[in-house]
**Q** 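Can you keep this structure in mind? I'll have questions shortly.
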Protein chains: 2
Amino acid sequence: MKYTKEKLVSFFKSNGRMPSYSELAKLYGFKSKNSAYSLASNFIDQDILRRDSKGFLIPGEQFNGIQILGTVQAGFPAFASEEKGEHLSLDEWLVNEHDATYLLRVSGDSMIDAGILEGDYVVVERTQDFSVGDIVIAEVDDEWTMKYLRIKNNKYYLEAANNEYPDIYPKGELKIHAVVRSLVRKYEKNK
Amino acid sequence: MKYTKEKLVSFFKSNGRMPSYSELAKLYGFKSKNSAYSLASNFIDQDILRRDSKGFLIPGEQFNGIQILGTVQAGFPAFASEEKGEHLSLDEWLVNEHDATYLLRVSGDSMIDAGILEGDYVVVERTQDFSVGDIVIAEVDDEWTMKYLRIKNNKYYLEAANNEYPDIYPKGELKIHAVVRSLVRKYEKNK
DNA sequence: CTTGTTACTGAACGAGCGTTCATATATAAT
DNA sequence: ATTATATATGAACGCTCGTTCAGTAACAAG
């Protein structure tokens, strides 16, 4: 392919929308809108773009998202066969209820045995739809914590994922504010 | 606010672009384009939408992304003050080099002490820009693994984050295929 | 050189675009 | 009732849109 999708992607990122055909022409150095039209048709064949019912260009399956390749440590799929894999957007995958979802930075090591480390980010959803076994953001006796929600003798209590932290049996009210739906960790580059 | 952004968001999700003003009018039950124009102006005031140089509607800061609230376990910020916080897109945050980035499912427990559990997903970037200390996807003696990259006596070797796994000193060639840039874990709902 | 193919140009079309303005309706305040 | 304020309507403007079509330029095959 002589023309790659890179310029298109960067246009979309900085402009928040797909280009019109005249913009597309300018973007790739064409003097005619029709050249852009053909180029777009190419991209459509690759499912990088789509034309919607009004003719506008919109992102196709291959435009956004990152590819799911396979499993590491159980027959790693060859990078060669990386064409047309499944693509997904992390935002759509991890976030269900958009307006009730927040990101919290984790401090402390109380959930370390659950693989939640200091500096990680948890995606929490403000909801009362929690279950025993969930990791919840709770307010107990005027303190906020993130712990496992457990139950004993029909009473909720909180359990850390770290032996050095005792279970918390609320004296007063136990308020569940949010449920941890997913976790995100970003590795900084070593230098 | 009488009119919320929900319909707008769902239009964007299913159509891949922002509506025109006539579409916006239909979406909210207006009979006039100008009503949609005023509505859009409201959304623009809230930075849910923006108008670009051509007048097209594009997503604003408050349209996408999830809010970063604060830190759990060190003075949890009140949910009350949740207005106009910082928003971010997980895709943009976690993925730098789009075309070289892939998602891999983790199997095994060899990196468990680094908080990488079975079933997690790692976001890896195919690059040769790795450093000692990175978690890498490596091919050594015809086997693929994910391990810490270490160095001793000017020779690379691989170290697991689990005492039960020995260090791997490659007999033959050590090929670094990718570097782990971030980690994603999705909790399934307990029922 | 001729022929066919592909890539690009440039003009044209009707349609829908964003925007403005004047007007009508509804809501609230006095 | 009267006024004021916000909200919705509908027509109109010039402009750019997507799309089509005919024509030119580049280039390879025979």
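Throughout, protein chains are lettered first and strands after them, A, B, ... in sequence-line order, and every chain is numbered starting at 1.
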**Q** Quickly work out the A:Glu23 CD to D:dT16 P distance and round it to whole Å.
**A**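 Atom-to-atom, A:Glu23 to D:dT16, this comes out as 11 Å.
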**Q** If I take atom CG in residue B:Asn34 and atom P in nucleotide D:dA8, what distance separates them, rounded to the nearest angstrom?
**A**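 Interatomic distance, CG of B:Asn34 to P of D:dA8: 10 Å.
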**Q** Could you give the CG-to-P distance, from A:Asp52 to C:dC17, as a whole number of Å?
**A**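 Result: 11 Å.
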**Q** Considering only NZ, NE, NH1 and NH2 on the basic side and carboxylate oxygens on the acidic side, decide whether A:Lys147 and A:Glu159 come within less than 4.0 Å.
**A**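 No, this pair does not count.
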**Q** Could you state the interatomic distance from CG (B:Leu39) to NZ (B:Lys5), rounded to the nearest 0.5 Å?
**A**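 Those atoms lie 13.5 Å apart.
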**Q** Starting at atom CG of A:Leu49, determine the distance to atom P of D:dG18, rounded to an integer number of angstrom.
**A**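 Checked: the CG to P distance equals 12 Å.
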**Q** Could you check whether A:Ser22 gets within reach of a base, just the sugar-phosphate, or nothing at all, counting any heavy atom under 4.0 Å?
**A**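 Touches sugar-phosphate only.
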**Q** For the side chain of A:Lys33 and the base of D:dG18, is some donor closer than 3.5 Å to an acceptor across the two?
**A**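 Looking at the base of D:dG18, it does pair with a donor or acceptor on the side chain of A:Lys33 (distance under 3.5 Å).
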**Q** Take atom OH of A:Tyr37 and atom P of D:dG18, then tell me their distance rounded to the nearest Å.
**A**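 Interatomic distance, OH of A:Tyr37 to P of D:dG18: 9 Å.
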**Q** Before accepting this row, confirm whether a basic side-chain N of the pair A:Glu97/A:Arg126 lies closer than 4.0 Å to the acidic partner's carboxylate O.
**A**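 So A:Glu97 does not pair with A:Arg126 through a salt bridge.
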**Q** Below the 4.0 Å mark, does C:dC17 have OP1 or OP2 next to a side-chain nitrogen or oxygen of B:Ser20?
**A**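 Yes, because at least one side-chain N or O of B:Ser20 sits under 4.0 Å from OP1 or OP2 of C:dC17.
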**Q** How long is the line joining CG of B:Leu39 and C1' of C:dG18, in whole Å?
**A**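 Interatomic distance, CG of B:Leu39 to C1' of C:dG18: 15 Å.
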**Q** For the ring pair B:Tyr157 and B:Tyr148, is the centre-to-centre distance below 6.0 Å?
**A**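 That pair fails the under 6.0 Å test.
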**Q** Picking from D:dT19, D:dC21, D:dT9, which would you name as closest to the side chain of A:Tyr21?
**A**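 Selected nucleotide: D:dT19.
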**Q** Using the closest heavy atom to pick a nucleotide of DNA chain D for each, name whichever of B:Gly29 or A:Arg51 lands nearer the 5' end.
**A**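 Here B:Gly29 is the residue nearer the 5' end.
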**Q** Whether A:Tyr3 contacts C:dC8 is assessed here as follows: a side-chain N or O lying under 4.0 Å from the phosphate OP1 or OP2. Is that the case?
**A**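 A:Tyr3 to C:dC8 OP1/OP2: side-chain N or O found under 4.0 Å.
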**Q** What is the separation between atom NZ on A:Lys31 and atom P on D:dA26, rounded to the nearest whole Å?
**A**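 Nearest whole value for this atom pair: 11 Å.
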**Q** Which comes earlier along DNA chain D counting from the 5' end, the contact point of B:Ser32 or that of A:Lys54, where each point is its nearest nucleotide?
**A**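 So the residue in question is B:Ser32.
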**Q** Starting the side chain at C-beta, find the nucleotide from C:dC17, C:dT9, D:dT9 nearest to B:Phe56.
**A**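 Given the options C:dC17, C:dT9, D:dT9, the side chain of B:Phe56 is closest to C:dC17.
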**Q** To the nearest Å, give me how far apart CZ (B:Phe30) and C1' (C:dT25) are.
**A**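 Nearest whole value for this atom pair: 14 Å.
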**Q** Do B:Phe43 and B:Phe63 have ring centres separated by under 6.0 Å?
**A**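 For B:Phe43 and B:Phe63, the ring centres are not under 6.0 Å apart.
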